[in-house]
Structure formats: C-alpha cells, structure tokens
Amino acid sequence: MVRRSCQGREGYVPYSALRQIERLDEARNHRDVLVIATGYNDWEGRFASTGRGSDDLGALMSAAREKSFKNVVWVTLRSDSRYRLPKDSPLWYADYGAMNEAVRSESSDLFPELTIWDLDVYTDIASSKEFFYRDGVHERRLGSWLVADWISRHVASLDGRPCPQPWAPGLDTNESCPNPDLLSRTLGFPDIAAIYGLPSPLDADLPPLRSPV
Amino acid sequence: MRSFRRRGLTSWVEKQSVRVFLTPLIVGIAITTLALKVSPWQEVSGFNDEHSVDAIDISEPSTERVASPFAPSNRLMFFNQNDEQVAGKMLREVDPRPPEADRKRVNEPGTRKPEPKFPSHEDHENLEWITYGERRVVIISDSAMAGVRWYGATDALVGADYEL
C-alpha cells in the first residue's frame, strides 16, 4: 500500500496505493469518491496503530486529504483467504481480519471521511469456488461481476438513487438503493448470473439465497 | 658473498611477489566493503527494487511493531533468524508447504481451468475515473479485484441510470 509493490502477474511493478493517490488530480468536489481496495500484499504489523494514524493507513488518509477527498471508501479484505504473501515478506500469511478491525476502529475517530464497504462480510458465504479462486482473494468470473455490481449498488446508495439492477430478475429496483452490505445479511447474494445474463455455473454449489428474516 | 647477495635478491623478489599478490587483494576487500556499506541505501532509494524496502524493514529494530495495536502481543511478529515460529504465525524460514511434488501454486489462478487470460493493461499507471451521474469514483485496487477488468465485469459498473 505504501511501499514499493511486488511484480504483478501482468508483468509490471505497479505503483503503491500511496503513489497512486499522489498522482491523482485533486478531487473536483465533495462528490468524488476515492475507493481503496488493496492491501493483500501487506500485513498487520505496520498497518495501523490505534489512535495515532501515523502508519500505513494514516499515510494513505493523509495523502487523500492532500487531494481534498471528502469521501474515502475502504474495502475490507477477505479474511477467509489462503493467500500467500509475496516471497520476501516476513510472514507467509497476513491476518486480514486484524487489518479490517484496525480500519473499523480508526474510521470514526481519526478519519471521519472514511467509509467502510464491507466486502469481507458481503462475501462471507462466497467460499464457493465459483466466486473466488482457491486463494480466496482473486475473483473468478462470477465473483468479478458480483463485486462490480456491489460497487455500483454502494454508489447508488450514496446518492439515494435506484439500484442499478434488481436483486433478482423480476424484483423491483429499489427506489433508493439500500446499502448492499446490510441487505445481504437478509437476502444473501444478488442473482448475479441471472441479472447479467452470465452463463450458469457448472457446479451447483452456489450458496443459496437466504430467506428473508 | 655471492650467496648472501643471492639470498638478499631472493628475499627482495619474494617481498615484491607478496606485495603484488596482496595489493589487489586489499583493494578488492576495500571495494567490497564499500559496496556493502552503500548498497542498503541504494536499495531504499531504488525505484524498481520491488521488495527491498520490506527486506530492510525486517532487519530494523521492531519498535514499530511493539507499538502495533494488535493485542495480545503474541500477535506481533518479531523477525528473528533463530525463531522458527511465533505464536502460530509462520515465519518465512519455516516452509509450511507439503513436499515439492505436492505443491500447488494456490495464488495462481492459472492453475484452474479454464485458464483466464491476463491481458496487460496498456496504460496501467493511470487510474480511470468511473462516472456515476455527477459522482466520480476512482478505485485503487490490486490483482484481487482485477477480475473486474479481465472478465469484462466493468459492464456492471455502469448503473441502470448512468453511463460510463
């Protein structure tokens, strides 16, 4: 996030998140949203120090403030993962759950402009291989559409606009799109394959829609 | 006398030989020492050295980790060459993987079928803004979310009422 990244499988070493923020144009107005959805190659040791805001998390938030962002979104990391850290890391695996908790604990006090989009909770029943690869981090086709749809629902929710798609075919798009993280607790996932006309998964191990409570 | 002179000459020749031999050795050691002193600084400031900073951080005193909020303290990881394992956290020196023959590269999506393609993002260093009506969104992500691009799921980033 803050230090030089490892080489990605696309064959280049990407900028760190901090560098990317520094390269962005200034936010035009209070509506511009910066979404930070990275961190799987980092680990918990230097990520956040409660109440100080002086480490990696604090560095990113400071950079976002420098660019006048009034809306910063943090996408939680999937804690149910087996993703192995890059080879030169001191640990084999990071504790993404601890990193998520650190963001939650600091978001309200130190960084009021920080909102959490809880992908970890939203996809906690997405252990199915149809959504994520075995490392639990990289998205497969359905997972990619699930996440893109989820982002659009969140943005619509910010504006109080209708959802971009209904939760399932035949249902109405809500007049004011609810926060999908909250809705998923009662409804499970949207029917991504049906909504977007994707090929049905070959395996029938998709998590079923939960019954409304 | 002649014998003495010869011994003296031999001794002088031996000294010269030793000097010839030692001088490059000493110079070589000096250069090596200088290089070792300089290289960490170069690594820190190096732009393309992908993990050098992390590697140096590991060897630093772990004051930052002491101050970490992740209590209890057994969650902290102190790098120590002699430690094999710290409170359930595997260090790099301990390879938890099964024998080589059984290893699978679990982080590589390509090990699954069908194998996805990873087209390079031509302009990868410039982020794209996504426009939802009057709201602009920019997403900083890593390969975890790259499937959105790989699988064409960017279509789902376009809301029913919005245009990309």
Side-chain angles (χ1 to χ4, degrees), chain A residues 3-15 17 20 24 28 31-38 40-41 44-46 48-50 82-84 86 88-92 98 102 133-135 137-141 143-145 147-149 151-152 155-156 158-159 161-162 164-165 173 196, chain B residues 47-55 57-58 62 64-65 67-70 75-77 79 89-92 96 106-109 112 116 118-121 124-127 132-148 150-151 153-162:
Chain A
R3 292 156 189 83
R4 189 68 179 161
S5 300
C6 54
Q7 175 143 337
R9 61 173 57 83
E10 291 183 328
Y12 58 87
V13 180
Y15 285 136
Q20 287 283 20
L24 283 174
R28 281 195 313 208
R31 288 178 166 274
D32 283 355
V33 182
L34 169 64
V35 179
I36 301 174
T38 184
Y40 287 107
N41 289 328
E44 62 273 21
R46 60 190 177 196
S49 301
T50 300
R82 287 175 288 174
Y83 179 71
R84 193 170 292 157
D88 289 337
S89 310
L91 298 172
W92 281 101
Y133 285 96
R134 280 188 303 168
D135 60 18
V137 165
H138 292 98
E139 300 155 0
R140 303 192 69 181
R141 181 183 302 276
S144 301
W145 284 82
V147 170
D149 174 87
I151 290 170
S152 293
V155 177
L158 282 177
D159 290 335
R161 288 170 175 250
Q165 295 286 351
T173 55
Y196 292 101
Chain B
F47 199 63
N48 291 320
D49 195 354
E50 52 190 72
H51 279 302
S52 59
V53 179
D54 289 348
D57 282 352
I58 290 166
S62 47
E64 187 181 11
R65 292 191 175 88
S68 169
F70 300 102
R75 288 225 54 82
L76 302 178
M77 198 290 298
F79 189 81
K89 281 289 193 177
M90 285 292 198
L91 295 181
R92 275 282 165 192
V106 296
N107 290 342
E108 294 296 331
R112 300 294 298 252
F118 307 122
S120 61
H121 180 181
H124 60 84
E125 290 178 339
N126 291 318
L127 298 178
Y132 290 85
E134 297 177 8
R135 190 180 288 281
R136 296 192 313 164
V137 178
V138 63
I139 303 173
I140 297 177
S141 67
D142 48 30
S143 65
M145 203 177 275
V148 172
W150 295 338
Y151 293 117
T154 45
D155 286 356
L157 292 174
V158 184
D161 297 332
Y162 319 122

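Values below: every heavy atom of this structure, side chains too, minus hydrogens, waters and symmetry copies. Order of the sequence lines sets the chain letters (A, B, ...), proteins ahead of strands, with each chain counted from 1.
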Side chain to side chain contact (heavy atoms under 4.5 Å, CB included) assessment of A:I151 paired with B:I139: CA-CA 10 Å; A:I151 290 170; B:I139 303 173; 3.7 Å; yes

What distance separates [X] [atom1] from [Y] [atom2], expressed to the nearest 0.5 Å?
X	Y	atom1	atom2	result
B:I140	A:L34	CD1	CG	5.0 Å
A:S152	B:D155	OG	CG	10.5 Å
A:R161	B:R135	CZ	CZ	9.0 Å

Structural part of A:V147 lying under 4.5 Å from a heavy atom of chain B: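 For A:V147, the contact with chain B is made by the side chain alone.
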
A:L158 versus chain B, the contacting section by heavy-atom distance below 4.5 Å: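 When you check distances to chain B, atoms from both the backbone and side chain of A:L158 fall under 4.5 Å.
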
Partner set under side-chain contact (heavy atoms from CB on, under 4.5 Å) for A:R141, not counting sequence neighbours: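 So A:R141 forms a side-chain contact (heavy atoms from CB on, under 4.5 Å) with A:W145, B:Y151.
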
B:D142: side-chain contact (heavy atoms from CB on, under 4.5 Å) partners, not counting sequence neighbours: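 If we apply the side-chain contact (heavy atoms from CB on, under 4.5 Å) test to B:D142, skipping adjacent residues, the hits are A:T38, A:Y40, B:A144.
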
A:L24 and B:V138: CA distance, side-chain angles, deciding distance, side chain to side chain contact (heavy atoms under 4.5 Å, CB included) verdict: CA-CA 9 Å; A:L24 283 174; B:V138 63; 4.0 Å; yes

Main-chain N/O of A:D32 paired to B:R136 side chain as donor or acceptor, under 3.5 Å: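 Here the side-chain-to-backbone pair does not exist.
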
Heavy-atom pair with the smallest gap, counting every atom of A:A148 and B:A153: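 So the minimum-distance heavy-atom pair works out to CB-O, 3.3 Å.
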
